Enquirer: 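Could you have a look at this structure, given as structure tokens, before my questions?
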Number of protein chains: 2
Amino acid sequence: MPLISEPIATFSPLYEQIKAMILASLQSSEWLPGSVIPSEMELAARYAVSQGTVRKAIDELAAQNLLVRRQGKGTFVATHQEDDWQYRFLRLEPDSGGRIHLKSQFLACESIKADLSVAKLLKLKMGDPVIRIERTQSTARKPIVFEEIWLPETRFIGLTLSSLNAWPGPMYGFYEATYATHMVRAEEKIKAILADQVLSSHLQLPLSAALLSVERVAFTYGNKPVEVRHARYDTSEQHYENKLN
Amino acid sequence: MPLISEPIATFSPLYEQIKAMILASLQSSEWLPGSVIPSEMELAARYAVSQGTVRKAIDELAAQNLLVRRQGKGTFVATHQEDDWQYRFLRLEPDSGGRIHLKSQFLACESIKADLSVAKLLKLKMGDPVIRIERTQSTARKPIVFEEIWLPETRFIGLTLSSLNAWPGPMYGFYEATYATHMVRAEEKIKAILADQVLSSHLQLPLSAALLSVERVAFTYGNKPVEVRHARYDTSEQHYENKLN
DNA sequence: CAGTGGTCTAGACCACACT
DNA sequence: GTGTGGTCTAGACCACTGC
């Protein structure tokens, strides 16, 4: 029996290829956050497949929160500028219930060279230029969060303290509006730590208070890491809420 | 214009009703964790709908991790006894990477009356009988976790220290095998706290070390809470890992 | 009203597992 | 080979939105 050509590339269903093409359009900013994408019928024609196949592709992208379906209106590119999405990645909740409302105060914004750890997380080379931001977030009563944020400078050109202070809403809305960068998902590593001098003064807590340390890496389309964030939370009157499914 | 009869009951698609019926079969233990459920064709006949409708119902239940599809074999009821599921709700990971392996030591198992907070979380009345368990979990080097667990006694009749110690694997496998109780999802509230006398001795840490406090409520089918768990983690060499989507 | 996504069906064929 | 889930199609009809 003669050798048969191997199925090297394992079987890839049509709808996966459609997903990839839709993703490419998102990644290339052909369709911007908040806008409608073409109807299922149009996409079916464009890709020369049936509506059902487009449907399955969109279903999965919607399940990953990349697209949002709205019956009667169309399918939209997900955006952090919507009301429901303002707090999509904020897991802090008051112990007493309800939603937390925080006011930002930016303390610093400087251009520095990436150290080894930040470079690794952002998939840059050590020494590549990054922007480092410092801020606190406060309730009506006291500061609750102290954060350091690192961004690759090549993607966030011209970002300054004053541009940050001029922006009213959450940072992920700012990234979207100003730098066409939409955050898709994030990974967090959480530890308990003791407040040091710097943290205790920023958060108005005694030295050696217990704090929650949250190291986040956030990704855009195509699993590209574009933000590193190291937050410390005062969890004495609020907590980090997580749902396990 | 005369009043029109209101659409009180909002439209409910067929596949939602099928989902509900499948859920009922899971809840009533007609199909047990780990076993196959009838094929899509059989279910389609049983519920008198098309295969595609059954398919959509199963798809959604599989997305919620209640069912597991295996091509060529059938659709199975999800179980914590599978290898991949042993650690489904354990988010602790070593800072150095890899999987953590923990050995349990049960310290206590007593029948008590529910206090207000546990009763609320388990949707019982204050004073109802609950089982309270205490344990530590250790790596090869040192204890990492101290946990208190509360279970409604009516569902976990005859649970004793020795039955716990006789079980080799994770507790959710034990609940399944012994009490036909499968955990579907959980909610956790996380805080940073300081070690007190008791915690510092159990975890072999100095007094006032920082610890992660994790309060979990776990639910079976039908959103029924059946376990409350208050864990404290030593996060000096491991962290709580979370993915935000 | 037309256009969008949402549901449901029926049928053909493919990929995988077991025997 | 037989039976399972997985993919793809085509067409009908429903529900919601906005003109």
Side-chain angles (χ1 to χ4, degrees), chain A residues 4-22 25-26 31 34-79 82 84, chain B residues 4-22 25-26 31 34-79 82 84:
Chain A
I4 299 179
S5 71
E6 297 290 331
I8 299 277
T10 47
F11 172 70
S12 168
L14 244 187
Y15 73 84
E16 287 289 355
Q17 304 171 39
I18 307 297
K19 265 175 71 174
M21 286 190 278
I22 294 176
S25 291
L26 293 172
W31 304 321
S35 62
V36 221
I37 71 170
S39 74
E40 295 180 351
M41 282 310 208
E42 287 177 89
L43 290 175
R46 168 159 165 181
Y47 301 131
V49 298
S50 77
Q51 191 212 10
T53 301
V54 170
R55 190 161 188 72
K56 173 137 187 169
I58 292 179
D59 276 345
E60 298 206 349
L61 293 171
Q64 291 168 59
N65 293 314
L66 296 183
L67 298 176
V68 178
R69 320 192 72 142
R70 296 206 190 108
Q71 184 172 157
K73 297 203 215 172
T75 301
F76 296 75
V77 182
T79 172
E82 305 275 315
D84 326 349
Chain B
I4 298 179
S5 71
E6 297 291 330
I8 300 276
T10 48
F11 172 69
S12 168
L14 244 187
Y15 73 84
E16 287 289 356
Q17 303 171 39
I18 307 296
K19 267 176 71 176
M21 284 190 278
I22 294 176
S25 291
L26 293 172
W31 305 322
S35 62
V36 221
I37 72 170
S39 73
E40 296 180 351
M41 282 310 207
E42 287 177 89
L43 290 175
R46 168 159 164 180
Y47 300 132
V49 297
S50 78
Q51 191 212 8
T53 301
V54 170
R55 192 162 187 72
K56 172 136 189 171
I58 292 179
D59 276 346
E60 299 207 347
L61 293 170
Q64 293 169 57
N65 294 313
L66 296 183
L67 298 176
V68 178
R69 320 192 71 139
R70 297 207 190 108
Q71 183 172 155
K73 295 204 219 173
T75 301
F76 296 75
V77 182
T79 171
E82 304 276 313
D84 327 351

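Numbered from 1 within each chain, the chains take letters A, B, ... in sequence-line order. Just so it is clear, the values below take in all heavy atoms, side chains as well, and ignore hydrogens, waters and symmetry mates. Predicted, not measured: the structure shown is a model, and the values here were computed from it.
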Enquirer: Taking only heavy atoms on the protein side, list every residue of residues 43-55 of chain A lying under 4.0 Å from any atom of DNA chain C, sorted numerically.
Expert: Arg55(A)
Enquirer: If you compare every side-chain N and O of Arg69(A) against the phosphate oxygens of dG6(C) (OP1, OP2), does one of them come in below 4.0 Å?
Expert: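 So the side-chain polar atoms of Arg69(A) do come within 4.0 Å of the phosphate oxygens OP1 or OP2 of dG6(C), strictly under.
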Enquirer: Given atom CG of Asp59(B) and atom C1' of dT7(C), what is their separation to the nearest angstrom?
Expert: 14 Å
Enquirer: Without decimals, in angstroms, what is the distance between Ile18(B) CD1 and dT7(C) P?
Expert: 13 Å
Enquirer: Which nucleotide in the set dA15(D), dT4(C), dA15(C) lies at the smallest distance from any side-chain heavy atom of Gln71(B)?
Expert: dA15(C)
Enquirer: So, taking the atom named CZ in Arg55(A) and the one named CG in Leu43(A), what distance separates them when rounded to the nearest 0.5 Å?
Expert: 12.0 Å
Enquirer: Once you apply the 3.5 Å cut-off to both distances, tell me the Watson-Crick or G-U wobble partner of dT19(C), or none.
Expert: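 In the structure as shown, dT19(C) has no Watson-Crick or wobble partner.
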Enquirer: Which heavy atom of Gln17(A) sits nearest a heavy atom of Ser12(A), and at what distance?
Expert: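 Nearest heavy atoms, Gln17(A) then Ser12(A): NE2-O, 3.2 Å.
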Enquirer: Measuring to OP1 and OP2 of dT7(D), would you say a side-chain N or O of Lys56(A) lies under 4.0 angstrom away?
Expert: yes
Enquirer: Expressed as a whole number of angstroms, how long is the span from Phe11(B):CZ to dG5(C):P?
Expert: 17 Å
Enquirer: Give a yes/no answer on whether the side chain of Ser39(B) brings an N or O atom under 4.0 Å of OP1 or OP2 in dG3(D).
Expert: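 For Ser39(B), the contact criterion (side-chain N or O under 4.0 Å from OP1 or OP2 of dG3(D)) is not met.
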Enquirer: Do any side-chain nitrogens or oxygens of Lys73(B) fall under 4.0 Å of OP1 or OP2 in dG3(D)?
Expert: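 No, because none of the side-chain N or O atoms of Lys73(B) sits under 4.0 Å from OP1 or OP2 of dG3(D).
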Enquirer: What closest approach, in Å, do Ser25(A) and Arg46(A) show between heavy atoms, and which atom pair accounts for it?
Expert: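 So the minimum-distance heavy-atom pair works out to OG-NH2, 3.7 Å.
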Enquirer: Within less than 4.0 Å of OP1 or OP2 of dC8(C), is there a side-chain N or O belonging to Tyr15(B)?
Expert: no
Enquirer: Any chance you could measure Leu61(A), atom CG, to Leu26(A), atom CG, to the nearest 0.5 Å?
Expert: 7.0 Å
Enquirer: Ion pair present between Glu82(A) and Arg70(A), side-chain N to carboxylate O less than 4.0 angstrom?
Expert: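 Yes, charged N to carboxylate O under 4.0 Å.
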Enquirer: Figure out the CG/P separation between Leu67(B) and dG6(D), and round it to whole Å.
Expert: 12 Å
Enquirer: How about Met21(B): does its CE atom have over 12 heavy atoms from other parts shown lying under 6.0 Å from it?
Expert: yes
Enquirer: Would you give the length of the straight line joining atom CD1 of Ile22(B) to atom OH of Tyr47(B), rounded to the nearest 0.5 angstrom?
Expert: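 It comes to 5.0 Å.
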Enquirer: Can you tell me how far P of dG6(D) sits from CD of Glu16(A), to the nearest Å?
Expert: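 That distance rounds to 13 Å.
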Enquirer: Measure from the side-chain heavy atoms of Pro13(A) and tell me the nearest of dT7(D), dG6(C), dC8(C).
Expert: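 So the side chain of Pro13(A) is nearest to dT7(D).
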Enquirer: Over how many whole Å does the gap from Met41(A) atom CE to dT9(D) atom P extend?
Expert: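 Nearest whole value for this atom pair: 13 Å.
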Enquirer: Could you please name the option among dT4(D), dT9(C), dC8(D) that lies closest to any side-chain atom of Leu14(B)?
Expert: dT9(C)
